[in-house]
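The basis for the numbers below is simple: all heavy atoms, side chains too, and nothing from hydrogens, waters or symmetry mates. Just so you know, ligand 1 is whichever comes first in the structure, and atom 1 is the first atom listed for that ligand.
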Amino acid sequence: MGDVIVVGAGLIGLSIAFELAQRGAAVRVYDRAEPARAASWAGAGMLAPYTERITDEPLLALCAASLREYPDFVARIRDASGIDAHLRLDGVLYAAFDAAEMNALRRQAEALQARGVGCEPLDRSAVLTAEPWLGASLTGGLLKRDEGQVDNRRLGRALAAACDASGVRIEQNFSLEVECDARRVLGVRSDRGFNGARAVVNACGAWAAQLHGVPRSCVPPIEPIKGQMIALSVPSGFVRRATWVPGAYLVPRDDGRLLIGATVESSGFDERVTAEGVHALLHSALDAAPALGSFTMTESWSGLRPGTPDGRPILGPSELDGFFLATGHYRNGILLAPATARLIADAIERDESSALESFSIARFHTEDRAAQRITHA
Ligand SMILES: Cc1cc2nc3c(=O)[nH]c(=O)nc-3n(C[C@H](O)[C@H](O)[C@H](O)COP(=O)(O)OP(=O)(O)OC[C@H]3O[C@@H](n4cnc5c(N)ncnc54)[C@H](O)[C@@H]3O)c2cc1C
């Protein structure tokens with residue numbers, strides 16, 4: 001296999017680079033900023049496709065496959081980097097605060113159990129035994145046993161180190177354009193010159209539509225969706241596992257931080273943390289658990305999720321030979337990193353992309369393709 005260039009060093013780009021390097025490819029990763037610092041740093045790290053209530057079947061199947069791959073993925077990265085990403089598959093709890101929500105959770109449990117997903121409706125006292133910090137108005141909950149969380153900031157550091165140890169060259173603060181002829185990708189050009197490659201992967205997250213130099217048909221329709229989060233400092237073990245309450249989720253980290261997230265906002269590339277955003281998160285969290293009110297708020301931040309018009313990621317080859325897309329993971333890019341890496345590596349290495357058909361950029365192309373001029377975006 002010849003050289004592969006991955007543009008974008010978030011968890012998606014780094015996972016692809018690591019997978020390809022492990023398979024023997026020569027890989028370079030270029031990021032215009034710092035690796036693993038954008039959405040991949042800002043996320044909550046929940047691995048929770050069932051709690052997310054994803055109803056799109058191909059997406060749910062991809063998420064479920066990726067969840068199964070997580071233990072091996074994290075172990076391979078730890079072996080290569082020496083950094084443990086703190087994967088915890090100890091379940092995710094959804095807490096209900098009224099009878100209607102509890103009934104909806106019971107129906108969801110039946111549907112999930114029919115698919116073989118490990119989950120268990122819990123009554124009020126069982127939930128309070130498991131998570132005593134939840135408020136008195138609790139009705140019950142649903143525990144999805146197979147779900148969990150990973151510390152995505154540690155995972156980003158681990159992946160960058162694993163890539164380094166596997167011979168991947170990561171260049172940061174690097175501005176570039178893709179270069180192609182009428183048929184295929186040639187490489188990337190920057191003010192430091194031209195770098196040729198057999199394959200180029202657009203893994204630019206929320207900025208993927210702004211990667212210049214490719215035909216318009218290869219520009220993914222990505223929209224940034226802002227998410228704000230905060231963290232409280234809580235005693236170790238105060239919150240035992242990731243828990244959803246109305247309007248927010250709470251994710252305990254091993255270092256004593258309790259993450260509370262996240263807003264969902266269409267506000268372009270605005271990454272400000274706002275009073276309204278923080279207020280909404282605190283309001284939801286304290287409504288469900290007044291006991292959290294006395295803890296110190298230690299951090300607030302935001303990130304841009306890469307959204308697509310239909311909520312599915314955009315994965316696989318494009319009309320331009322050698323140019324691949326790996327973006328649009330929206331709320332589930334941390335969860336989807338292992339499956340994305342495997343499938344994009346299969347597409348590049350073996351020309352095998354049938355598993356990615358439902359995620360192809362071709363689904364956005366209009367009937368009137370003949371009228372589409374190949375212009376450079
Ligand atoms: C608040 C919040 C909470 C979230 N919670 C979860 C969660 O619990 N579970 C989950 O699975 N997902 C979650 N997500 C979603 C997840 O974080 C994203 O889907 C995922 O991180 C996307 O990864 P990425 O590598 O595609 O993008 P990013 O991490 O954004 O990386 C893209 C990279 O591309 C670089 N780049 C952009 N343009 C260029 C260019 N032209 N040239 C070179 N480099 C470029 C950027 O600098 C950046 O480093 C959350 C997201 C947010 C914001």
S.K.: Which atom names give the shortest non-hydrogen contact between D31 and G10, and what distance separates them?
M.R.: OD2-N, 4.3 Å

S.K.: Determine whether a donor-acceptor pair (N or O, by modelled atom type, separation under 3.5 Å) exists between the side chain of N152 and the backbone of G45.
M.R.: yes

S.K.: Classify the side-chain pair Q172/R32 by whether it contains a donor and acceptor separated by less than 3.5 Å.
M.R.: no

S.K.: With a cut-off of 4.0 Å, which atoms of ligand 1 are near a heavy atom of L11?
M.R.: 25 (O)

S.K.: Would you please determine whether A206 falls within less than 4.0 Å of ligand 1 on a heavy-atom basis?
M.R.: no

S.K.: Number the atoms of ligand 1 from 1 as they appear, then name those within less than 4.0 Å of a heavy atom of N332, with their elements.
M.R.: 10 (C), 11 (O), 12 (N)

S.K.: Charged N to carboxylate O below 4.0 Å: is that the case for R240 and D90?
M.R.: no

S.K.: Name all residues meeting the ring-ring contact (aromatic ring centres under 6.0 Å, His included) criterion together with F323; count only those two or more places apart in sequence or in a different chain, and write none if there are none.
M.R.: none

S.K.: Could you pull out, from W301, W207, Y330, Y249, the option with a heavy atom nearest to atom 18 (C) of ligand 1?
M.R.: Y330

S.K.: Could you tell me whether a side-chain N or O of D346 sits under 3.5 Å from a main-chain N or O of E352, the two making a donor and an acceptor?
M.R.: no

S.K.: Identify, for atom 42 (N) of ligand 1, the protein heavy atom at the shortest distance, and state residue, atom and that distance.
M.R.: V7 CG1, 3.5 Å

S.K.: Quick one, L47 and L87 - any side-chain contact, counting heavy atoms below 4.5 Å?
M.R.: yes

S.K.: Considering S40, A9, A36, G13 one by one, which has a heavy atom nearer to atom 29 (O) of ligand 1 than any of the others?
M.R.: S40

S.K.: Got more than 12 heavy atoms from elsewhere within 6.0 Å of CG, D351?
M.R.: no

S.K.: How far is atom 33 (C) of ligand 1 from the closest protein heavy atom, and which atom is that?
M.R.: D31 OD2, 3.6 Å

S.K.: What protein heavy atom sits nearest atom 9 (N) of ligand 1, and how far off is it?
M.R.: M46 O, 2.9 Å

S.K.: With a cut-off of 4.0 Å, which atoms of ligand 1 are near a heavy atom of G227?
M.R.: 1 (C)

S.K.: Which pairs of donor and acceptor atoms, one on a side chain in residues 280-289, lie under 3.5 Å apart (sequence neighbours left out)?
M.R.:
from, atom 1, to, atom 2, distance (Å)
S284, OG, A280, O, 3.2

S.K.: Within the structure, does P306 bring an N/O atom to less than 3.5 angstrom of an N/O atom in ligand 1?
M.R.: no

S.K.: Is L176 in contact with ligand 1, taking contact as a heavy-atom separation below 4.0 Å?
M.R.: no

S.K.: Check ligand 1 against A203 and write out every atom of the ligand that is under 4.0 Å from a heavy-atom position of the residue.
M.R.: 32 (C), 34 (O)

S.K.: Assess, by modelled atom type and distance only, whether the side chains of T340 and H329 contain a donor and an acceptor separated by less than 3.5 Å.
M.R.: yes

S.K.: Answer with yes or no whether the side chains of T274 and Q228 bring together a donor and an acceptor at under 3.5 Å.
M.R.: yes

S.K.: Closest non-hydrogen protein atom to atom 20 (C) of ligand 1, residue and atom name please, with distance?
M.R.: G333 CA, 3.8 Å

S.K.: How far is atom 17 (O) of ligand 1 from its nearest protein heavy atom, and which residue and atom is that?
M.R.: A39 O, 3.1 Å

S.K.: Provide, to 0.1 Å, the distance between atom 34 (O) of ligand 1 and the closest protein heavy atom, together with that atom's residue and name.
M.R.: G8 CA, 3.4 Å

S.K.: Looking at ligand 1, would W41 count as a contact under a 4.0 Å heavy-atom criterion?
M.R.: no

S.K.: Once you measure the plane-to-plane angle for F238 and F295, does it fall in the parallel (<30°), tilted (30-60°) or perpendicular (>60°) bin?
M.R.: perpendicular

S.K.: Looking only at distances, can you tell me whether any N or O atom of A262, backbone or side chain, sits closer than 3.5 Å to an N or O atom of ligand 1?
M.R.: no

S.K.: Within less than 4.0 angstrom of ligand 1, does R331 place any heavy atom?
M.R.: yes

S.K.: Write out the residue and atom name of the closest protein heavy atom to atom 4 (C) of ligand 1, then the distance separating them to 0.1 Å.
M.R.: G43 CA, 3.3 Å

S.K.: In this structure, are over 12 heavy atoms from other groups packed under 6.0 Å from E276 atom CD?
M.R.: no

S.K.: May I ask you to check if ligand 1 and R305 share an N or O to N or O distance below 3.5 Å?
M.R.: no

S.K.: Between CZ of R53 and OG1 of T55, what distance do you get to the nearest 0.5 Å?
M.R.: 11.0 Å

S.K.: Within ligand 1, which atoms have a heavy atom of L335 less than 4.0 Å away?
M.R.: 10 (C), 11 (O)

S.K.: State if T327 counts as touching ligand 1 under the rule of any non-hydrogen atom under 4.0 Å.
M.R.: no

S.K.: Note the single closest protein heavy atom to atom 39 (C) of ligand 1, along with its residue, its atom name and the distance in Å.
M.R.: C204 SG, 3.4 Å

S.K.: Report yes if some N/O of G45 lies less than 3.5 Å from some N/O of ligand 1; otherwise report no.
M.R.: yes

S.K.: Restricting to non-hydrogen atoms, name the atom on I12 and the atom on G333 that form the minimum distance, rounded to 0.1 Å.
M.R.: CD1-O, 3.5 Å

S.K.: Can you name the atoms of ligand 1, numbered from 1 with element, that are less than 4.0 Å from a heavy atom of G303?
M.R.: 53 (C)

S.K.: With nothing but distance in play, are any N or O atoms of I12 less than 3.5 Å from an N or O of ligand 1?
M.R.: yes

